[in-house]
Amino acid sequence: MIRRKQALAITAVIAALSLTAACGGSNGEKKDAKGDGDSAKGYSGAATAVINPSDAKGGELKLWSPQDVDYLDPARAYYGFVWNMQRLYIRSLLAYDSKPGKDGTKVVPDLAEALPVITDDGKTYTLKLKDGVKFEDGSPITSKDIKYGVERVFAQDVLSGGPTYLIDLLDQGQKYPGPYKDTDPDKMGLKSVETPDDKTIVFKLATANSDFSYLLAMPSSSPVPVGKDTGATYTNKPISTGPYKVESFTAGKGATFVRNENWDPKTDPIRKGLPDKVSFTVTTNPDDMDQRLLSGDIDMAVDGTGVQQAAKNKILKDPNLKKNADNPFTGYIRYFAFPQTVAPFDNIECRKAVIYAADPKSLQTARGGPTSGDLGANMLPPGIPGSDKSYDPFGLTKGKPQEDKAKEALKACGKADGFETTIAVRNNRAPEVKTAESLQAALAKVGIKATIDQYDGKLSSSTIGSPENVKKKNYGIIVMGWGADYNSGSGFLQPLVDGSFILPNGNNNYTELNDNEVNGLFDKAAAAATPEAAAPFYTEINKKVMEKALYLPINFDKALVYHNPRLTNVFFNESYGKIDLATVGIKQ
């Protein structure tokens, strides 16, 4: 069971992070005349199928982003678009398959020759490496290289920044300090990971965890050769195991990737390695980036958050541009949370009053209209196992305020004339501010007076992430967004609704829900034999949370993404919510 007592390091800039969902069309949006809104050709075609399939090699893939990478080091990277870029040069034991649709959410062998053999009632995972897998210098990858890569995650004093799930599951009271302080002469001191031979690696968990295979598909489960590790500076030139290697990297400017001659495609069914070269450029002008993208000067805005409003308007009005655009789910959900420690939101009927009073269509418009996302119905977005997009207990997808129900709820909570509250919203997120204003206007119609407090968005962890401060500031409603680290109901819901995740700072369980039944369902899901077997528990958790009226979903987030028509093998991988860089090529 992953039960972290620390905040998940998901910040605003990880808006790109989404390990879920991509599909075409949008709520209430008309299809093109030929009906290609959801087809393999035309608008949003890449959301469900492969566009321009080809095995042609050559050319330079030009990637731009308004956001720099956090780290190239696989132990430290946490931005979603960086995880996608790392498919170019990093291989892990397992990986998400490079296929469109639901197949892209499946974990398949990468460096491992097969999926893990799971024994000991789900507590032992054994994997064997494929023959012929090598580092960029031609040296063979061994199980000890994998273990060393995992051990590096424990060196948080040197390599902070990345996810730490492996520490939570594998430390087991050892207090392992990481390889830099390891007293073992071979730097192999982590007891819960064994390497009986150069091809076999065994992970021993203290308790069963049905999500562990997802963790083995993260970049942090990739090999690092101990002799080439440079600690904190390893991020400048990590050693490649994929089709490309890092030729150069300059923070704030970009990177260049060239072919890795020691990558053997016969061992790698996930990556195609088609371009001769991949360049990554950081820009401070997103509108200029969009212009270059639409003119064909560059190939893709790799951050995956979509074009700016000016380019969006241009694309949607021009059929020739629109056919090269997609509107996939990002895997994020946008929502309002009601802290139960702030009166009168300790009363479920007062929470229901806010939910019914809201104008869902107005909230969607505030975020940018139908292309910004489908109307939210519940707290588990499409693509996450166990999700049910049709589950809509409060009728939010009807798109209209339900003022009569809101007034009934106000009477039931003893506030027939309404009440006063405060909406907390980040000041550096214009769509969030607009949604707060939309809710404020809707609440006023039923007698609820909401004051909007725009706080410094850079201080989220200490502002809304501090339960003490939330209560002090009378934050009855909090505007936020969330995306999972991995494609599981646990990865998505647990930080939001598991009572053990309530923290004094960096808290994400804003409602402060600590329900024994909900917490227990997470334990049951973790003990399930497979992720598929765990999915029904997440369905049940989602329903129980929604029944408590703790959240008002705004939308299941989408982005309008444009790609250069010269690209081949274009499709959105549902586990990343982005065009899969593992297969993209250039039309020759």
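All figures in this text were calculated on a predicted structure; none of them were measured in a lab.
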Please answer whether the main-chain N or O of Leu215 pairs with a side-chain N or O of Ser221 as donor and acceptor at a distance below 3.5 Å. yes
Under a 3.5 Å cutoff, is there a donor and acceptor pairing between the side chains of Asn508 and Trp482? no
Mark yes or no: Arg152 above the aromatic ring of Tyr234, with NZ or CZ under 6.0 Å from the six-membered ring centre and no more than 45 degrees from the axis. yes
Given side chains that start at C-beta, do those of Ser213 and Leu115 come closer than 4.5 Å, heavy atoms only? no
For residues Ser462 and Asn505, is any side-chain donor paired with an opposing acceptor at under 3.5 Å? no
Side-chain ion pair, Lys266 and Asp264, N-O less than 4.0 Å: no
Between Met480 and Arg426, does a side chain to side chain contact (heavy atoms under 4.5 Å, CB included) hold up when you go through it step by step? CA-CA 8 Å; Met480 237 316 154; Arg426 293 180 285 190; 3.5 Å; yes
Least distance between heavy atoms, Ser279 atom then Lys62 atom: OG-CA, 3.7 Å
Donor-acceptor check, side chain of Gln172 to backbone of Ser192, threshold 3.5 angstrom: yes or no? no
Spacing of CG belonging to Asp303 relative to OG1 belonging to Thr305, to within rounding of 0.5 Å: 3.5 Å
When rounded to the nearest 0.5 angstrom, what distance separates CD1 in Ile201 from OG in Ser143? 6.0 Å
State plainly whether the residues Asp55 and Lys272 are in salt-bridge range, i.e. N to O under 4.0 Å. yes
Aromatic ring pairing Trp83/Tyr78, orientation class (parallel under 30°, perpendicular over 60°, tilted between): parallel
Got Val278 and Leu63 here, is their nearest side-chain heavy-atom distance under 4.5 Å? yes
Pairs meeting criterion ring pair (Phe, Tyr, Trp, His ring centres under 6.0 Å) with involvement of residues 180-215, two or more places apart: Tyr125-Phe212, Phe203-Phe212, Tyr214-Tyr486
How far apart are the closest heavy atoms of Gly254 and Val282, and which atoms are they? N-CG2, 4.1 Å
Check Glu247 with Lys277, please: is the shortest side-chain N to carboxylate O separation under 4.0 Å? no
Between Lys128 and Thr200, does any side-chain donor sit less than 3.5 Å from a side-chain acceptor? yes
For Ser92 and Pro219, indicate whether the former's side chain and the latter's backbone hold a donor-acceptor pair under 3.5 Å. no
What's the spacing between Leu294 CG and Asn324 CG if we round to 0.5 Å? 9.5 Å
Is there a side-chain contact between Phe572 and Asp326, using heavy atoms and a 4.5 Å cut-off? yes
For Val479 and Arg429: C-alpha separation, side-chain torsions, deciding distance, then whether side chain to side chain contact (heavy atoms under 4.5 Å, CB included) applies. CA-CA 10 Å; Val479 191; Arg429 295 299 182 93; over 6 Å; no
Any side-chain heavy atom of Ile579 sitting closer than 4.5 Å to one from Val584? yes
Asp299 side chain reached by Leu293 side chain, heavy atoms, under 4.5 Å: no
Cationic N near anionic O, under 4.0 Å, Asp290 to Lys312: no
Give the minimum heavy-atom separation between Ala582 and Ile270, together with the two atoms involved. CB-O, 3.8 Å
How far does CD of Gln86 sit from CG of Asp73, to the nearest 0.5 angstrom? 8.0 Å
Mind running side chain to side chain contact (heavy atoms under 4.5 Å, CB included) on Ile586 and Leu274 for me, showing each step along the way? CA-CA 8 Å; Ile586 298 165; Leu274 297 179; over 6 Å; no
Could Asp198 and Lys144 be called an ion pair, given the rule that one side-chain N must be under 4.0 Å from one carboxylate O? yes
Let me have the donor-acceptor pairs involving side chains of residues 130-137, under 3.5 Å, with sequence neighbours excluded, atom names and distances please.
residue, atom, partner, partner atom, Å
Lys130, NZ, Asp110, O, 2.7
Lys130, NZ, Thr267, O, 2.8
Asp131, OD1, Lys199, NZ, 2.6
Glu136, OE1, Ser240, N, 2.8
Asp137, OD1, Ser139, N, 3.0
Asp137, OD1, Ser139, OG, 2.7
Asp137, OD2, Lys228, NZ, 2.8

For Gly296, is there any backbone N or O sitting under 3.5 Å from a side-chain donor or acceptor partner on Asn564? yes
Rounded to the nearest 0.5 Å, what separates atom CG in Leu169 from atom OG1 in Thr207? 7.0 Å
How about Tyr96 and Asp580: does a side-chain donor come under 3.5 Å of a side-chain acceptor? no
Can Thr283 and Asn285 be counted as having a side-chain donor-acceptor contact under 3.5 angstrom? no
Can the ring centroids of Phe154 and Tyr176 be said to lie less than 6.0 angstrom from one another? yes
Heavy-atom distance under 4.5 Å between the side chains of Ser160 and Arg76, does that happen here? yes
Which heavy atom in Val153 sits nearest to a heavy atom in Ala75, and how many Å separate them? CG2-CB, 4.3 Å
Judged by atom type as modelled, is there a donor-acceptor pair below 3.5 Å linking the side chain of Glu574 to the main-chain atoms of Gly331? no
Begin with the C-alpha distance, continue with both residues' side-chain angles, and end with the deciding distance and a verdict on side-chain hydrogen bond (donor to acceptor under 3.5 Å, both in side chains) for Ser488 and Asp211. CA-CA 7 Å; Ser488 149; Asp211 286 335; 3.0 Å; yes
Among side-chain atoms of Thr230 and Thr233, is any donor-acceptor pair under 3.5 angstrom? yes
When you compare the side chain of Leu567 with that of Asn52, does any pair of heavy atoms fall below 4.5 Å? no
Would you find a donor on one side and an acceptor on the other, under 3.5 Å apart, between the side chain of Ser210 and the backbone of Ala525? yes
Do you know which two heavy atoms are closest between Thr583 and Asn569, and how far apart they sit? O-ND2, 3.1 Å
On a heavy-atom basis, which atom in Ile90 and which in Pro74 lie closest, and how many Å separate them? CD1-CG, 4.1 Å
Is any side-chain heavy atom of Leu94 closer than 4.5 Å to a side-chain heavy atom of Pro116? yes
To the nearest 0.5 Å, atom CG of Asp268 lies from atom OG of Ser98 at 8.0 Å
In terms of side-chain geometry, is the basic nitrogen of Lys187 or Glu151 positioned less than 4.0 Å from the acidic oxygen of its partner? no
Distance alone, cut at 3.5 Å: any donor-acceptor contact between the side chains of Ser490 and Gln494? yes
Salt bridge or not between Asp288 and Arg292? Use side-chain N to carboxylate O under 4.0 Å. yes
Step by step, work out the side chain to side chain contact (heavy atoms under 4.5 Å, CB included) result for Leu380 and Leu493. CA-CA 7 Å; Leu380 198 56; Leu493 281 175; 3.8 Å; yes
Short question: side chain of Lys147, backbone of Leu190 - any donor-acceptor pair under 3.5 Å? yes
